[in-house]
Q: 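Below are the structure tokens for one structure; questions will follow.
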Amino acid sequence: SGQCSEHGEVDRTEVEQFDGSMQVRVCKKCQWNALHLAPAGSEAHRQAVARVQTERLNSALIGSGITPRFAGSTFDNYRVEGNQSAARALSVCKTYVDNFEDNWDAGRSLILTGNLGTGKTHLASGMVRAVITQHRASALIVSAAEIIRIFKSPMDRSVTYTDRDLLAELAGFDLVVIDEV
């Protein structure tokens, strides 16, 4: 609980952020008033809309499947250091994200191959993050082993979903990255 200058004692909730930190939400009544009663374009309305957009972005990133190990993986911190193959892979991934809408419309996919430790998951996580933040698209990174594990689960009679449900769920994302194939 906390104090609101306008509404007195209020319940405050904390929301985990993608970076692992916690953020305290503003007073729910103040947020509702700013969204629904404040004049559109006013500072209060603008801030309330920005908070909603930030929460949606945070939720999309948390739900993206990016593991804590790769939560900080971006194109900017991918190390190329004179490696032409790494530089080419980075360029291809950036171009794919920059042209994501055209790639999505065309049904174009991208396959990253290479030895262990070459940065494929770093680039893939960076792509997922960039597609979510730059294009406001839905994206998921999941291992092939996890997909197989979930596909096998409907064989257990206590499971309430089918393999078709899983396919429908995966098809609902704008970008699905299958890692560790």
Side-chain angles (χ1 to χ4, degrees), residues 15-23 49-156 159-181:
V15 179
E16 183 178 359
Q17 301 300 294
F18 181 66
D19 66 4
S21 66
M22 298 299 281
Q23 183 171 350
V49 169
R51 281 190 293 269
V52 168
Q53 290 172 340
T54 298
E55 284 188 17
R56 285 183 182 154
L57 177 61
N58 185 60
S59 293
L61 287 169
I62 287 175
S64 70
I66 297 174
T67 62
R69 177 178 174 204
F70 293 98
S73 297
T74 64
F75 294 147
D76 291 337
N77 62 20
Y78 180 71
R79 292 189 209 164
V80 174
E81 299 171 352
N83 181 332
Q84 288 182 334
S85 294
R88 183 174 179 280
L90 176 60
S91 175
V92 167
C93 290
K94 280 182 169 181
T95 301
Y96 187 89
V97 169
D98 290 344
N99 299 308
F100 181 71
E101 291 173 15
D102 292 336
N103 290 325
W104 188 88
D105 287 341
R108 212 170 282 123
S109 61
L110 178 64
I111 298 174
L112 301 176
T113 63
N115 293 328
L116 181 69
T118 56
K120 297 178 300 295
T121 302
H122 181 119
L123 285 173
S125 296
M127 288 178 68
V128 167
R129 184 181 193 139
V131 163
I132 290 170
T133 58
Q134 294 173 22
H135 298 281
R136 299 296 192 248
S138 61
L140 174 72
I141 183 169
V142 62
S143 71
E146 182 67 8
I147 291 173
I148 291 167
R149 185 191 66 75
I150 295 170
F151 254 114
K152 286 183 175 181
S153 294
M155 294 176 194
D156 178 354
V159 172
T160 60
Y161 62 88
T162 68
D163 51 355
R164 288 185 183 170
D165 294 333
L166 173 62
L167 286 173
E169 180 75 20
L170 292 174
F173 287 93
D174 299 316
L175 174 67
V176 175
V177 174
I178 303 174
D179 196 20
E180 300 176 16
V181 175

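As the structure is a computational prediction, the values presented were derived from the model and not from experiment. Note: hydrogens, waters and symmetry copies are ignored here, and every other heavy atom, side chains too, is used.
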Q: What are the two closest heavy atoms between L170 and V176, and how far apart are they?
A: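 Heavy atoms only, the tightest pair is O-CG2, 3.3 Å.
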Q: Taking S138 for the side chain and D174 for the main chain, is one N or O donor matched with an acceptor at less than 3.5 Å?
A: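 Yes; judged by distance alone, with no hydrogens or angles, the pair exists.
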Q: Please evaluate residues M127 and L110 with respect to the criterion side chain to side chain contact (heavy atoms under 4.5 Å, CB included), reporting the C-alpha separation (whole Å), side-chain torsions for both, the decisive distance (0.1 Å), and the verdict.
A: CA-CA 11 Å; M127 288 178 68; L110 178 64; 3.6 Å; yes
Q: Should N58 and Q23 count as side-chain neighbours, where that means a heavy-atom distance under 4.5 Å?
A: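 In short, these two side chains do not touch, never coming nearer than 4.5 Å.
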Q: Measure across L166 and I147 and return the closest heavy-atom pair with its distance rounded to 0.1 Å.
A: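 Heavy-atom minimum between the residues: CD2-O, 4.0 Å.
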Q: Parallel under 30°, tilted from 30 to 60°, perpendicular over 60°: which one fits the rings of H122 and Y78?
A: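 Ring orientation of H122 relative to Y78: tilted.
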Q: Heavy-atom distance under 4.5 Å between the side chains of I66 and S73, does that happen here?
A: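 Contact flag for I66/S73 side chains = no.
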Q: Without swapping roles, check the side chain of D179 against the backbone of T121 for a donor-acceptor pair under 3.5 Å.
A: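 Side chain of D179 to backbone of T121: no pair is present.
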Q: Between CZ of R88 and CG of L90, what distance do you get to the nearest 0.5 Å?
A: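 R88 atom CZ to L90 atom CG measures 12.0 Å (nearest 0.5 Å).
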Q: Is a side-chain N or O of R129 found less than 3.5 angstrom from the main chain of F75, in a donor-acceptor match?
A: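 No, the answer is negative, given that no donor and acceptor are paired below the 3.5 Å cut-off.
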Q: How many angstroms lie between atom CD1 of I148 and atom CD1 of I178, to the nearest 0.5 angstrom?
A: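 So the gap between those two atoms works out to 9.5 Å.
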Q: Compare all side-chain heavy atoms of L112 with those of C93 and state whether any distance is below 4.5 angstrom.
A: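 Yes. Closest side-chain heavy atoms under 4.5 Å.
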Q: Going from CD on E146 to CD1 on I150, what distance comes out if it is rounded to the nearest 0.5 angstrom?
A: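 Rounded to the nearest 0.5 Å, the CD-CD1 separation comes to 4.0 Å.
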Q: Give a yes or no answer on whether the side chain of N83 reaches the backbone of A86 with a donor-acceptor pair at less than 3.5 Å.
A: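 Yes.
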Q: Let me confirm one number: the CG-CE distance from D19 to M22, rounded to the nearest 0.5 Å.
A: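 One finds 11.0 Å between CG of D19 and CE of M22.
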Q: So I62 and Q17, do their side chains get closer than 4.5 Å, heavy atoms only?
A: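 No; the side chains remain at least 4.5 Å from each other.
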Q: Can you measure from CZ (F18) to CD1 (I132) and round to the nearest 0.5 angstrom?
A: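 F18 CZ to I132 CD1: 7.5 Å, rounded to 0.5 Å.
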Q: Kindly give the heavy-atom pair with the smallest separation between A89 and L123, and that separation in Å.
A: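 In this case the closest contact between A89 and L123 is CB-CD1, 3.8 Å.
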Q: Just by modelled atom types, is the N115 backbone N or O under 3.5 Å from a matching donor or acceptor in the K120 side chain?
A: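 Flag set: sc K120 to bb N115 pair under 3.5 Å.
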Q: Verify, without hydrogens or angle tests, whether N77 (side chain) and G72 (backbone) share a donor-acceptor contact under 3.5 angstrom.
A: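 Yes, N77 side chain to G72 backbone: donor-acceptor pair under 3.5 Å.
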Q: In sequence, state the C-alpha distance, the side-chain angles, and the governing distance for T74 and D76, and then conclude on side chain to side chain donor-acceptor pair (under 3.5 Å).
A: CA-CA 5 Å; T74 64; D76 291 337; 4.9 Å; no
Q: With side chains defined as the heavy atoms from C-beta onward, is the minimum distance between V52 and R56 less than 4.5 Å?
A: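 A side-chain contact under 4.5 Å exists here.
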Q: Looking at S91 and A87, would you say the former's side chain and the latter's main chain have a donor-acceptor pair under 3.5 Å?
A: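 Not at all, since once roles are kept as given, no pair shorter than 3.5 Å links the two residues.
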